[in-house]
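Working notes, structure below.
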There are 2 protein chains.
Amino acid sequence: MNIIDESGILAISTRLQRLSEQLRKDGALVYKSYGIDFEPKWFPVIYTLYYKETLSVVEIANEIGYTHPSTISLLKELEKQKLIRSKKDKIDERKRLIQLTSKGRELIEQMKPVWEVMKTALTQITDNQNNLLRAIEEAENKISHQSFLQRALQLKSEEK
Amino acid sequence: MNIIDESGILAISTRLQRLSEQLRKDGALVYKSYGIDFEPKWFPVIYTLYYKETLSVVEIANEIGYTHPSTISLLKELEKQKLIRSKKDKIDERKRLIQLTSKGRELIEQMKPVWEVMKTALTQITDNQNNLLRAIEEAENKISHQSFLQRALQLKSEEK
DNA sequence: TTTATTTATGTATTTAACTACGTAGTTTTG
DNA sequence: CAAAACTACGTAGTTAAATACATAAATAAA
């Protein structure tokens with residue numbers, strides 16, 4: 001084992017990132033192995049639109065937890081792939097309403113069995129004595145009550 | 001709850017990344033609140049050199065799990081901060097041996113109490129019914145035996 | 001002992017996110 | 001209802017990682 005893994009909790013951010021990157025990269029290869037032209041980074045947008053039908057740019061950004069500029073660049077790629085289309089909101093002219101195209105919906109049907117395989121493989125990997133997904137949820141929940149920064153500042157002040 | 005969080009395991013890569021980013025950002029602010037000029041991304045290099053004393057570029061890259069070009073750019077920043085220095089290996093002229101400077105070692109002493117506070121705060125956040133760090137270790141371990149890709153391909157072939 | 005292969009490092013470019021900033025509609029307020 | 005504040009979207013530039021490529025030194029092989 002290397003020093004970073006031994007450092008434990010202090011390097012947790014690095015390790016989260018590394019794990020995320022590994023899964024994302026393999027995810028891309030799984031789609032490819034099925035002959036599907038789809039990038040894992042598109043998943044949040046596509047999946048959200050599949051359930052919500054029509055959303056504005058900022059609404060999508062909020063759903064997927066990205067900033068709106070990042071979301072715009074994803075939307076541009078998806079529009080180029082003809083998986084989504086957009087039209088102006090007639091009531092609020094500032095808004096651009098995004099929807100899946102029929103090509104997008106077809107692709108989703110094609111991906112569903114792939115998603116099932118991925119789910120199974122990911123469950124194999126993450127469902128152990130400690131369930132990674134549950135662990136993430138629990139940590140997110142803790143942070144939502146009091147952030148890492150707030151906790152650290154409080155400990156600092158108590159220390160004095 | 002939003003759609004992405006509901007999608008569960010499929011969006012796990014996105015969520016790992018998001019959590020990592022949050023912790024990294026708050027980490028930066030914690031150092032700042034102590035008046036310490038230190039970026040969280042430097043931690044893996046500094047921490048590794050603290051325990052290993054002298055390492056080459058590629059050795060550091062392997063320890064911290066980054067590619068060597070990424071490591072080189074971190075080393076450049078750290079050299080600019082005068083936290084590390086490097087010299088040619090006399091035996092193998094290709095190698096550049098990296099060490100902490102005395103300024104680097106002093107900074108580490110200054111950071112130690114901050115690291116203790118961080119550890120406590122991070123433990124509060126991550127030690128729940130499912131311990132996040134243990135969950136990561138368990139997942140990494142599973143992957144090391146058989147990757148996400150290999151598992152998915154196997155499930156795919158079994159399916160047919 | 002040349003030649004081929006491998007290893008260590010470095011540079012250039014790409015990628016996927018971000019922040020900062022600007023503009024144009026919409027809503028609220030005095 | 002005009003001015004101020006807010007919201008939605010877009011662009012530009014930055015950042016932190018990666019990949020791809022290049023070079024030089026060391027090692028192995030013919």
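These figures come from a predicted structure and were not determined experimentally.
Taking the six-membered ring where the residue is Trp, B:Trp42 and B:Phe38 present perpendicular rings, their angle passing 60° and hence far from 30°.
Here the nucleotide nearest the side chain of B:His68, chosen from C:dT9, D:dA18, C:dT19, is C:dT9. Taking the side chain of B:Pro69 as heavy atoms from C-beta on, and the options D:dA20, C:dT9, C:dA16, the nearest nucleotide is D:dA20. Of the listed nucleotides (C:dT19, D:dA16, D:dC9), D:dC9 has the atom at the smallest distance from the side chain of A:Val58. The listed nucleotides are C:dG10, D:dC9, C:dT26; the one nearest the side chain of A:Glu93 is C:dT26. Distance from the side chain of B:Arg96 is smallest for C:dT9 among the nucleotides D:dT11, C:dT9, C:dC18.
Nearer to the 5' terminus of DNA chain C, by closest-nucleotide assignment, is the contact made by B:Val57 (compared with the other of A:Arg94 and B:Val57). DNA chain D is contacted by both A:Leu75 and B:Ile91; A:Leu75 maps to the nucleotide lying nearer its 5′ end (nearest heavy atom per residue). Residue A:Ser70 is the one, among A:Asp92 and A:Ser70, whose nearest nucleotide of DNA chain C lies closer to the 5' end (criterion: closest heavy atom).
One can place CZ of A:Phe43 at 18 Å from C1' of C:dA16, the figure rounded to the nearest angstrom. If you take CD of B:Glu79 and P of C:dT9, they are 13 Å apart, rounded to a whole angstrom. For the pair A:Lys95 NZ and D:dC9 P, the interatomic distance rounds to 7 Å; values are reported in whole Å. Atom CG of A:Leu55 and atom C1' of D:dA8 are 14 Å apart (whole Å). In this structure, A:Leu78 places its CG atom 12 Å from P of C:dA16, rounding to the nearest Å. Separating the CD atom of A:Glu59 from the P atom of D:dA8 is a distance of 8 Å, rounded to the nearest angstrom. Atom-to-atom, CD of B:Gln17 to P of C:dT15 comes out at 16 Å; the value is rounded to the nearest Å. Rounding to whole angstrom units, CD of residue A:Gln22 and C1' of D:dA18 are separated by 14 Å.
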Please tabulate, for the side chains in residues 115-123 of chain B, all donor-acceptor contacts under 3.5 angstrom to protein atoms that are two or more places apart in sequence or on a different chain.
residue	atom	partner	partner atom	Å
B:Trp115	NE1	B:Tyr31	OH	3.0
B:Thr120	OG1	B:Glu116	O	3.0
B:Thr123	OG1	B:Lys119	O	2.6

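Within the 4.0 Å cut-off from OP1 or OP2 of C:dC18, not a single side-chain nitrogen or oxygen of A:Tyr66 is found. Applying the 4.0 Å criterion to OP1 and OP2 of C:dT11, one finds that B:Lys76 has a side-chain N or O inside that range. Residue B:Ser56 places at least one side-chain N or O under 4.0 Å from the OP1 or OP2 atom of C:dT9.
Inspection of the A:Glu158 and A:Gln154 side chains reveals an N or O donor paired with an N or O acceptor under 3.5 Å.
A:Leu100 pairs with exactly one of A:Ile84, A:Val45, A:Leu107 by the side chain to side chain contact (heavy atoms under 4.5 Å, CB included) rule, that one being A:Ile84.
Residue B:Lys80 places its NZ atom among 12 or fewer non-hydrogen atoms of other residues, nucleotides or ligands, all under 6.0 Å distant.
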